[in-house]
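Below is one structure; the comments refer to it alone.
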Amino acid sequence: MSLAGKHIIVGLSGGIAAYKTLSLIRLLVKNGASVKTVTTPNTLHFVTKLSLQTLSKNNVYNDVFSEVNDFSTEHISLADWADAMIVAPATANTIGKFANGIADDALSTTFLALNKPVFVAPAMNSKMYENPAVQKNLQTLIQRGIHMIEPPVGELACGDEGKGRMEEPEAIFECIAGFFLTESDSGKSFPRRRESPNDKGLTKGGNDGTDGQVDPAPTSSFHEKKILITAGPTHEAIDPVRFIGNHSSGLMGICIADEFANQGADVVLVCGPSAIASKNSAVKRIDVVSAKDMFEVCKKHFESADITVCSAAVADYAPKQIAGQKIKKKDENLVLELVKNPDILGYLGKQKTKKQILVGFALETENELQNAENKLKSKHLDMLVLNSLNDDGAGFGHQTNKISVLFANKEAKHFELKSKPNVAKDIVNEITHLYSVRAT
Ligand code: PMT
């Protein structure tokens with residue numbers, strides 16, 4: 001994915017994960033971006049200025065009071081120069097400063113002066129990450145439209161296991177490239193920016209106080225239509241600390257919900273555990289954890305829904321028993337007995353009336369078309385969206401997706417790799433067509 005012509009600030013705060021950011025800078029530069037780096041005073045305990053300079057091919061901005069760099073204005077010109085900023089690693093301290101408007105070093109002053117999209121990749125010990133103060137600061141930033149790159153679960157530098165390790169450079173690169181892909185294939189910036197009395201002629205969305213909200217479209221094809229959408233993974237508890245889950249981030253379904261809401265629909269989004277915020281505040285989001293919870297909420301809302309889209313990656317099985325206490329490490333092997341979860345889509349397919357439209361998803365790894373056709377038929381669907389893990393950039397864990405759409409009349413359409421907000425537009429377009437044919 002080319003980033004030719006893009007100006008990107010890479011901000012590094014002082015954490016051990018800074019060594020991984022060197023690879024990110026290489027990736028950005030290799031793919032055509034111009035990169036300038038900004039650091040806190042502590043960053044240079046972890047990586048050298050020379051490495052940052054050499055890889056970015058630019059000076060490092062790290063001292064607000066440097067006589068050489070004259071930072072009294074440098075953070076402003078840097079902010080004007082940039083198309084976007086990625087802060088990786090973002091420590092708890094830096095996240096706290098960003099959320100609370102504190103500007104006491106080169107990184108935090110640059111952030112505050114910036115009115116462009118900002119990506120933040122947190123990196124810290126899992127106990128710090130889970131601390132309510134840090135979680136509150138993260139939520140504040142998400143609500144202000146910052147693109148949060150959630151840390152995966154894994155081994156931490158201190159040897160602990162948990163959530164807090166910085167996302168890998170390749171995945172961070174993909175988030176940034178996917179964002180610019182969205183801009184170029186939609187011909188607009190994302191998120192679209194609200195007119196505000198404080199505009200002062202600034203044009204880019206992102207770190208601009210718009211709360212990341214997307215404006216509703218002025219005309220609406222779905223005005224007063226009720227849409228039910230499932231998204232995200234489900235977590236099936238094993239004991240009070242462990243669960244069975246999957247890699248779905250929720251992004252695909254959240255984008256579909258936003259797109260319907262942009263078109264004036266009354267949207268209920270039933271979402272499994274996901275850190276991604278809905279961009280359109282008109283979406284009525286109901287957060288659930290397990291497949292059973294999702295099933296109960298869907299049963300409640302399905303009857304009144306004109307259109308239902310099931311994009312959630314629902315666990316097919318759940319533990320038969322949930323242990324009341326944390327299961328202790330005793331024997332060499334542990335056997336879990338699993339029982340089938342309700343097939344939500346299958347159930348809705350049996351309930352559906354002739355007026356309702358039901359759309360399912362299929363995530364396949366082999367015999368994709370055949371399996372998808374079987375699902376379309378056996379679950380009584382009007383349309384099925386197929387994505388395959390064999391396609392690069394498709395499925396979960398990506399900002400992008402590549403889909404085929406299959407219809408009950410055996411027609412099929414194949415789409416190119418696109419950003420998920422634009423895949424959502426394609427899906428909603430296809431549903432619009434189905435719906436208008438149904439109405440005539
Ligand atoms: O969330 P992202 O990271 O953006 O990733 C998006 C996605 C890859 C999760 C999404 O595009 C996708 O493919 N979702 C469906 C994943 C899935 O579980 O597919 P499936 O083939 O196992 O299920 C088929 C259909 O039945 C789906 O519509 C699913 O929502 C539904 N289902 C499955 C099991 C179950 N118990 N109840 C269901 O309703």
Side-chain angles (χ1 to χ4, degrees), residues 149-150 152 167 171 174-175 178 182 228-236 244-259 269-276 278 288 290-299 302 308-318 338-352 358-391 393-406 415 417-424 426-427:
I149 303 176
E150 225 194 316
E167 183 52 282
E174 214 181 281
C175 287
T182 307
L228 174 63
I229 293 167
T230 70
T234 62
H235 287 181
E236 311 300 329
I244 297 173
N246 60 64
H247 298 294
S248 169
S249 64
L251 181 62
M252 189 68 255
I254 290 169
C255 290
I256 298 170
D258 282 336
E259 183 56 30
L269 169 66
V270 190
C271 194
S274 166
I276 299 170
S278 296
V288 295
S290 67
K292 280 194 184 122
D293 300 342
M294 188 174 271
F295 186 43
E296 290 311 314
V297 180
C298 286
K299 278 197 290 190
F302 180 67
T308 298
V309 182
C310 289
S311 71
V314 185
D316 288 320
Y317 291 90
L338 303 179
V339 288
K340 247 192 181 164
N341 265 332
D343 179 348
I344 305 170
L345 185 63
Y347 173 87
L348 301 180
K350 284 187 189 140
Q351 304 298 313
K352 144 179 131 69
L358 183 60
V359 179
F361 266 67
L363 178 64
E364 301 295 340
T365 56
E366 57 179 352
N367 300 328
E368 288 93 337
L369 272 173
Q370 189 55 56
N371 289 341
E373 277 167 14
N374 292 346
K375 275 181 192 159
L376 179 80
K377 210 167 156 196
S378 66
K379 301 196 185 204
H380 311 289
L381 309 179
D382 299 288
M383 179 176 135
L384 183 131
V385 180
L386 163 67
N387 40 195
S388 165
L389 286 188
N390 294 321
D391 288 326
F396 34 49
H398 301 284
Q399 299 289 310
T400 49
N401 205 357
K402 185 169 188 295
I403 59 160
S404 295
V405 175
L406 280 62
F415 292 82
L417 183 77
K418 294 184 182 183
S419 62
K420 282 185 177 163
N422 283 316
V423 173
D426 288 337
I427 292 170

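On a predicted model such as this, the values are computed, not experimentally measured, just so you know. One-based numbering, in listed order, for ligands and for the atoms of each. All heavy atoms count here, side chains included; hydrogens, waters and symmetry mates do not. Numbering of residues begins at 1 and proceeds along the displayed sequence.
- Annotation: atom 36 (N) of ligand 1 to nearest protein heavy atom, P342 O, 2.9 Å.
- Closest protein heavy atom to atom 7 (C) of ligand 1: N387 OD1, 4.3 Å.
- Within the 4.0 Å heavy-atom criterion, the part of S311 lying near ligand 1 is the backbone and not the side chain.
- Taking a 6.0 Å sphere around NZ of K299, one finds it holds more than 12 heavy atoms contributed by other residues, nucleotides or ligands.
- In this structure a side-chain-to-backbone donor-acceptor pair under 3.5 Å is present from K420 to H398.
- Backbone and side-chain nitrogen or oxygen atoms of A313 are examined, and none is located within less than 3.5 angstrom of a nitrogen or oxygen of ligand 1.
- For the residue pair K402 and A394, the shortest heavy atom distance occurs at N-CB, 3.7 Å.
- Of the N or O atoms in S248, one or more lie within a sub-3.5 Å distance of an N or O in ligand 1.
- The protein heavy atom nearest to atom 30 (O) of ligand 1 is A312 O, 2.6 Å.
- Nearest to atom 22 (O) of ligand 1 among the protein's heavy atoms is K375 NZ, 4.3 Å.
- Per-residue contacts place K379 under 4.0 angstrom from the following atoms of ligand 1 (heavy atoms of the residue considered): 26 (O).
- Close approach of ligand 1 to C310 is summarised as follows: ligand atoms under 4.0 Å from at least one heavy atom of the residue are 27 (C), 28 (O), 30 (O).
- The nearest protein atom to atom 2 (P) of ligand 1, hydrogens excluded, is given as S249 OG, 3.4 Å; this is a heavy-atom distance.
- Remark: ligand 1 and L345 share an N or O pair separated by less than 3.5 Å (distance only, no angle test).
- Where the criterion is an N or O separation shorter than 3.5 Å, residue side chain and backbone included, A362 fails it with respect to ligand 1.
- Protein heavy atom at the shortest distance from atom 33 (C) of ligand 1 is V314 CB, 4.1 Å.
- In the candidate list D316, I276, L251, D316 is nearest to atom 34 (C) of ligand 1, counting heavy atoms.
- Nearest protein neighbour of atom 37 (N) of ligand 1, counting heavy atoms only, is I344 N, 3.1 Å.
- Comparing heavy-atom distances from atom 23 (O) of ligand 1 across F361, F396, Y317 singles out F361 as nearest.
- The shortest N/O to N/O separation between K420 and ligand 1 falls below 3.5 Å.
- Near G250, meaning under 4.0 Å from any of its heavy atoms, are these atoms of ligand 1: 1 (O), 2 (P), 3 (O).
- The protein atom (non-hydrogen) at minimum distance from atom 19 (O) of ligand 1 is L363 N, 3.5 Å.
- In this structure, the side chain of N246 does not engage the main chain of A315 through any donor-acceptor pair within 3.5 Å.
- With hydrogens and angles left out, the side-chain atoms of S388 and D391 include no donor and acceptor closer than 3.5 Å.
- Looking at N341 next to ligand 1, no N or O pair under 3.5 Å apart turns up.
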